[in-house]
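Every chain is numbered from 1 and lettered A, B, ... according to where its sequence line falls, protein lines coming before strand lines.
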Amino acid sequence: MIALVDCNSFYASCELVFRPYLVGRPVVVLSNNDGCIIAANKEAKALTNIPMFEPVFKIKKQLLEHKVVFFSSNYTLYGEMSQRVINILKTFSDRVEVYSIDESFLDLSDIPEETLESYAHQIKDTILRYTGLPVGVGIAPTKVLSKLANKMAKKRPENNYVCVIRSEADRIEALKWCAVKDVWGIGKKHRERVMNIGVASAYDFSKPPLAWVRKEMTVVGERTWRELNGEVAMDFTTDFKKKKAIGTAKSFGKKLANLDIIEEACSYYVGEVTEVLRAQGSCASALQVYITTNYHSDRDQQYANSITVKLALPTNDTFVLIKEAKKALHLIYKAGYRYKKVGVNLLGIIPEHYVQGNLFELPSTSNNKLAQVVDRLNLKFGKSKVSSALVGTRIKEWELIKEERSPRYTTQWNEMLRIKG
DNA sequence: TCTGGGGTCCTAGGACCC
DNA sequence: TCTGGGGTCCTAGGACCC
C-alpha cells in the first residue's frame, strides 16, 4: 500500500505556525512581486469572491473588506519547514518518495493492513505536534488512488484527514465520488476530450477501452487509467532526483528598457541556477536565455525572444556561464521595448565526472576551489551574499517586490521568533 | 501602477548515419 | 521497367503537475 501525505494549504500553514494569533482568520500567500494569490487557508478559500491565482490588484477591495491577512512568499521558510516534515516521514517508512515541496509518497507495504488507518493518524498527529503543520493522509494500492484517497481525506469532514482505499468496494465508491477533473494527471485539455464522450466521474473514466485512452491521451493517460483500475503502473523511487533542467525567470519589480540593467539581472539569475547545478554535482551543456515584455499590457509594444546556445564544453563555472549568457542576451535584446522579465535555463545537464574534454580543451577545473568557497559563504551568510562582479550593483533597480515577507524564522539567527518573558 | 515560478514527460518530425 | 530498411539524436510543442 502507498500513502500520500500532503500538507494542507502548505504556504499559508507555514506562516500560521509562527503567528498563531491569526488562526481562524483568512490568510493568503502571494506570488513573487506580490502579483497573484498562490496559497490560501480554508478560511480564505471559503470567501468565494477571492479566487486563487487572481491578480491581487483586481481584488484588493474584497481582501480589505474581509480583513484578509496577506504574506509575500518566503521560500526559505517553506523549504526548511518542508525538510522537517520529510525527516519525520522517514521515521514512518524506509521508502519515501518526495514528490513536491508539500507532498510525499510512502511505501507502507510492511504495515499490517488492518492497522493502516491508525498508522495514518499517527503520522498526521506526529507532524502536527512536531512542526505545527496540518496534513492529510490518503492510502491505497496505487499512486493515483492514493492521491484520490488524500482528496477524500480532506474533503469529507467525517474522514478527519485520513482515508484508506482497501477493498474493491472502497475503490468503486471513491471513483464514483471523484469528478474526472480532479483525477491526478487529467488536465484541462484531456478533461474536455473525455467529457465529450460522456465521462463525468473518475469511475466513468475507468470504463472506456484502454486502446481509446492510449490513442487520445498517450501513454500518460494509459497509466492513469490502469492505476485507477487498481493496477500499479507508475514507478516508486526513493532516489534523489537530479534535475534535468534548472531555470529561473522572475518578473522585474518594474519594467526595464536598458540592456545593462537587464544584463545584471540575467547574470544574477545565472549565479543562482549555477549554484543549484553545483550542489547536485552536475554540469550544463547548453544555456537558454529569454526576455519578454509585459504580455498583459495593451499599451506596450510586445516582443519576446529566446536563444539556446550549446557550450563548447559542459561546465558549472559561474563566470563562464555569465559570459555566455550575456553574449546570448545581446543577440536577442532589441532596443525600444520595456521588458518585464528575463529568464535563464540550464539544459543538457550531466554529472560533473562525465565531462569530456575535446581536441582543443580540457574540462575546466581552475575555478572549482573558488566556487566551493563562494557556495559555502552563501550557505552560511545568505543567498547571493557573494557573487561575481559581473552581476553588478544595481539590484534595487530590478529586484522583485516583497512587501509583506515574514521573517526567515528557521534559518536566520537574527530573524528568529521572539517570545516575551 | 499592478497579472507567478519551477519543473517533468511524451510525441512527431527533421536531420543524419550505415 | 526497376530506387531500401533500420536506426539515433535533437528540437519544438503539447500536456500536465505543484
* Asked: So does A/Arg156 pair up with A/Glu173, basic N to acidic O under 4.0 Å?
  ->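 Looking at A/Arg156 and A/Glu173, the cut-off is met.
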* On DNA chain B, check which nucleotide each of A/Gly253 and A/Glu272 is closest to and give me the residue with the more 5' one. =>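 By nearest-heavy-atom nucleotide position, the 5'-most residue is A/Gly253.
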* Report the residue (A/Val276 or A/Asn294) whose heavy-atom-nearest nucleotide on DNA chain B is the more 5′ of the two. =>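 On the 5' side of the pair lies A/Asn294.
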* Which base sits across from B/dC16 as a Watson-Crick or G-U pair, both distances under 3.5 Å? ->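 The answer is C/dG7, by the H-bond criterion.
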* Tell me, yes or no, whether the heavy-atom count around A/Tyr130 atom OH, taken from other residues, nucleotides or ligands under 6.0 Å, exceeds 12. =>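 Open: at most 12 neighbouring heavy atoms sit under 6.0 Å from OH of A/Tyr130.
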* Specify the separation, in whole Å, of atom NZ of A/Lys243 and atom P of B/dT8. =>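 Atom NZ in A/Lys243 sits about 7 Å away from atom P in B/dT8.
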* Asked: Can you tell me how far P of B/dC10 sits from CD1 of A/Ile186, to the nearest Å?
  ->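 Rounding to the nearest Å, CD1 of A/Ile186 and P of B/dC10 are 17 Å apart.
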On the nucleotide [N], are OP1 or OP2 found under 4.0 Å from the side-chain N or O atoms that [X] carries?
{"X": "A/Lys250", "N": "B/dG5", "answer": "no"}
{"X": "A/Arg193", "N": "C/dA15", "answer": "yes"}
{"X": "A/Lys244", "N": "B/dC9", "answer": "yes"}
{"X": "A/Thr248", "N": "B/dG6", "answer": "yes"}
{"X": "A/Arg338", "N": "B/dT1", "answer": "no"}
{"X": "A/Lys188", "N": "C/dG14", "answer": "no"}

* To do: Please work out if A/Glu54 contacts a base, only the sugar-phosphate, or nothing of the nucleic acid, heavy-atom cut-off 4.0 Å.
  =>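 Contact class for A/Glu54: none.
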* To do: Report which part of the nucleic acid A/Lys241 touches: base, sugar-phosphate, or nothing (heavy-atom distance under 4.0 Å, all strands).
  =>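 Counting heavy atoms under 4.0 Å across all strands, no contact is made by A/Lys241.
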* Can you spot which of A/Glu227, A/Glu231, A/Glu103, A/Glu97 makes a salt bridge (Lys or Arg N to Asp or Glu O under 4.0 Å) with A/Lys143? =>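 Of the listed options, the one satisfying the test is A/Glu97.
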* Asked: Between A/Tyr333 and A/Tyr339, is the gap from one ring center to the other below 6.0 Å?
  ->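 They qualify: ring centres under 6.0 Å apart.
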